[in-house]
Amino acid sequence: MFLAAANLFAGKPNVVLIFADDLGYGDLGCYGATKVQTPNIDRLAAEGKKFTDAHSASAVCTPSRYGLLTGQYPLRAANGKGLWGPAPTASGLLIDIDMLTIADVFKDQGYDTAAIGKWHLGFGAGKNDWQEPLSPGPQDLGFDYYFGMPIVNSAPPYVYVENDRIVGSDPNDPLVYLGRNAKKATPITPIPPEAAQRTANIFGGAVEAHKLFNDYEVGTTITNKATDWIESRAGSTASGQAGKPFFLYLATTNVHHPFTPAKQFQGTSQAGPYGDFVHELDWIVGEVRKSLEASGVADNTVIIFTSDNGGMFNLGGRQAAQLGHKINGDLLGSKFGVWEGGHRVPFIAWWPGKIEAGTVSDQLLNSVDLLATFATIVGRELTAEEQQDSINMLPALTGNPEQPLRTEMIMTPNKPSHASIRIGKWMYIPAQSDGGFKGSKPHQHAWGGPAVTTLVGTPNSDIVNGKIKKGAPRGQLYDLEADRNQTQNLYNQYPEVVAQMEARLREYKSGKQ
């Protein structure tokens, strides 16, 4: 029995996918950061491969997670209507339970699977009334186990969910949705203004469940759950039992606002609370590495580290920028927007003996590609429909292909009007600005768009004093090979390229591609 099981799983690596939240292209030491220190993540890059042209499926959290898990562009979601913004409080499950997910890919090949951390893809069929069981949910999408933050650390309910139950729930004191003008909401962790925006609680009841949730303990709680789960799976193999390989999707709340790192990280960076939160993220990665090594399975484990979108210039982000930290490096734009700063993200792949240490790749890569890549790693064949938008990037992980594996890509920001397309070196945006945040005043949380250029000094030919100038072209075209930072809009200079890009974009929008 043991030999049969061992042979069944022989050669199949464990896989850990760490999906950071709002981590920008310039937030790590290995991507040029100097005001924060990220030794654990830098070590992953030094021992693995760093990608310089990797992108999240969207510049927005929920659609980005949809693309990651399904391997499909968010443009296709909701029967072609697309996913564009964060899932609201009452959102039902946004992924059809009949769709293939990356968890299904592993599950089909005999893996144990878990999702730990931020979910933000809804629960239940139709409207979510937050009554248990919270189903369908992660366990209906291929995950054996789920624990984490049901929406995001800046939005209620401020409780943990384990599988389909609220942690600490009490039938005599159920969680009750009160609405936006809640006057009797259950108290939550006090946080200072410098932690940045957090929505007031709009739920009553579930007092004990709320007490179990402390903003300053989210990172450590999620990490402990992840490492315990790894060690429980790895332990069966190390003890001589017929253990299964495992897949862990670890979606951190770092570095999404509010910035509430555990006490041990407070004041440790040169970039304020934002930088301290990055330090906690680096610790999380280090703890995962330690658990793999202590369990004796690190040498047969793939780690993928990336982010759901680019960095955001909220209060904490702006403070970090004023202290000299370049959240998105020198890239134009930020979270929610379609400029490169909104979706070009860190991407590091680590696989001892398979990925050459200290290598760098400029292959174009999108997080939707992980479905086809993981399927290849574990030997799960995909139909053409299942693989629709996903490209197998394994040759780029383990080698150095001379030709690009991905030649084009759809990018979706918050506004459907700004859905854009990349083909080769060209990036085409069919409108002015970036389709993201518009804030620009000191009191505003959602800073974005042209206003950010005055804060961080990223020039663009369409922008003067933080605003789109009069007479700017009605669309945008950038040569990212020559101008990665999008300083020059070439829309008027290459009308034939614009026409080709526009035609291809229309095909995607119409569902013909």
Side-chain angles (χ1 to χ4, degrees), residues 22-27 55-56 58-64 74 82-86 154 196-197 255-257 274 307-322 325-345 410-422 427-478 480 483-491:
D22 286 6
L23 187 77
Y25 191 78
D27 272 334
H55 302 259
S56 53
S58 168
V60 185
C61 45
T62 293
S64 176
L83 280 180
W84 305 95
S154 66
Q197 187 266 358
V255 292
H256 192 285
H257 62 90
Y274 182 102
S307 177
D308 69 339
N309 47 248
M312 179 180 175
F313 290 97
N314 47 37
L315 176 62
R318 297 199 297 276
Q319 180 188 18
Q322 289 160 356
H325 177 55
K326 295 186 175 184
I327 292 172
N328 295 318
D330 293 320
L331 299 177
L332 182 69
S334 58
K335 174 184 175 177
F336 264 48
V338 79
W339 290 329
E340 291 293 289
H343 51 83
R344 188 183 290 238
V345 291
I410 292 294
M411 285 313 310
T412 51
N414 187 230
K415 290 184 179 178
S417 59
H418 285 67
S420 303
I421 188 166
R422 165 93 177 262
M427 177 68 171
Y428 169 65
I429 304 168
Q432 295 181 339
S433 196
D434 69 342
F437 292 126
K438 289 186 174 181
S440 62
K441 306 297 183 186
H443 67 281
Q444 291 175 321
H445 165 66
W447 264 53
V452 169
T453 62
T454 61
L455 177 70
V456 297
T458 48
N460 177 271
S461 56
D462 289 353
I463 301 172
V464 175
N465 296 327
K467 296 180 180 180
I468 301 296
K469 68 183 182 183
K470 289 184 178 180
R474 65 183 183 89
Q476 300 169 71
L477 180 71
Y478 297 101
L480 296 181
D483 183 23
R484 185 179 71 174
N485 297 334
Q486 298 176 297
T487 63
Q488 295 296 317
N489 181 5
L490 303 176
Y491 182 91

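Everything numeric in this text was worked out from a predicted model, so none of it was measured.
Atom NE2 of His55 and atom OH of Tyr25 lie 8.5 Å apart (nearest 0.5 Å). Here the straight-line distance linking atom CD1 of Ile421 with atom CE of Met411 works out to 11.5 Å at 0.5 Å rounding. Note that the CE atom of Met427 and the OG atom of Ser420 stand 4.5 Å from one another [nearest 0.5 Å].
Contact record, Asn309 with Cys61: OD1-N, 3.4 Å, taken as the closest heavy-atom pair. His418 and Ala431 get closest at one heavy-atom pair: NE2-CB, 3.5 Å. Contact between Tyr274 and Gly316 at its shortest, heavy atoms only, is CB-O, 3.6 Å. For the pair Gly311 and Ile327, the tightest heavy-atom approach, listed with the atom from each and the gap, is CA-CG2, 3.5 Å. Across all non-hydrogen atoms, the minimal contact from Phe437 to Trp447 is CB-O, 3.5 Å.
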Show your reasoning for whether side-chain contact (heavy atoms from CB on, under 4.5 Å) applies to Ser334 and Met312.
CA-CA 6 Å; Ser334 58; Met312 179 180 175; 5.8 Å; no

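You'll find the side chain of Ser433 reaches within 4.5 Å of the side chain of Trp339, heavy atoms only. Leu315 is not listed as a side-chain neighbour of His257, based on a closest heavy-atom distance of 4.5 Å or more. Side-chain contact between Gln197 and Asn314 is absent, with no heavy-atom pair separated by less than 4.5 Å. Taking 4.5 Å as the limit, some side-chain heavy atom of Val60 sits within range of a side-chain heavy atom of Pro86. Between Tyr491 and Arg474 the shortest side-chain heavy-atom distance falls below 4.5 Å. Side-chain contact between Leu331 and Arg484: present, with at least one pair of heavy atoms (C-beta onward) separated by less than 4.5 Å.
Identified under the salt bridge (charged side-chain N to carboxylate O under 4.0 Å, His left out) test for residues 332-344, with sequence neighbours left out: Asp22-Lys335, Asp53-Arg344, Glu340-Arg344.
Qualifying side-chain contact (heavy atoms from CB on, under 4.5 Å) partners for Asn460, counting only residues two or more places apart in sequence or in other chains: Leu332, Asp462, Ile463, Tyr478. A search for side-chain contact (heavy atoms from CB on, under 4.5 Å) contacts involving Lys469 returns Val464, Ala472, not counting sequence neighbours. For Lys441, the side-chain contact (heavy atoms from CB on, under 4.5 Å) partners two or more places apart in sequence, or in a different chain, are His443, Gln444. With sequence neighbours left out, Asp434 forms a side-chain hydrogen bond (donor to acceptor under 3.5 Å, both in side chains) with no residue at all.
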Pair up each side-chain donor or acceptor in residues 448-459 with any protein partner under 3.5 Å, not counting sequence neighbours, and list the distances.
from: Thr453; atom 1: OG1; to: Pro450; atom 2: O; distance (Å): 2.6
from: Thr454; atom 1: OG1; to: Ala451; atom 2: O; distance (Å): 2.7

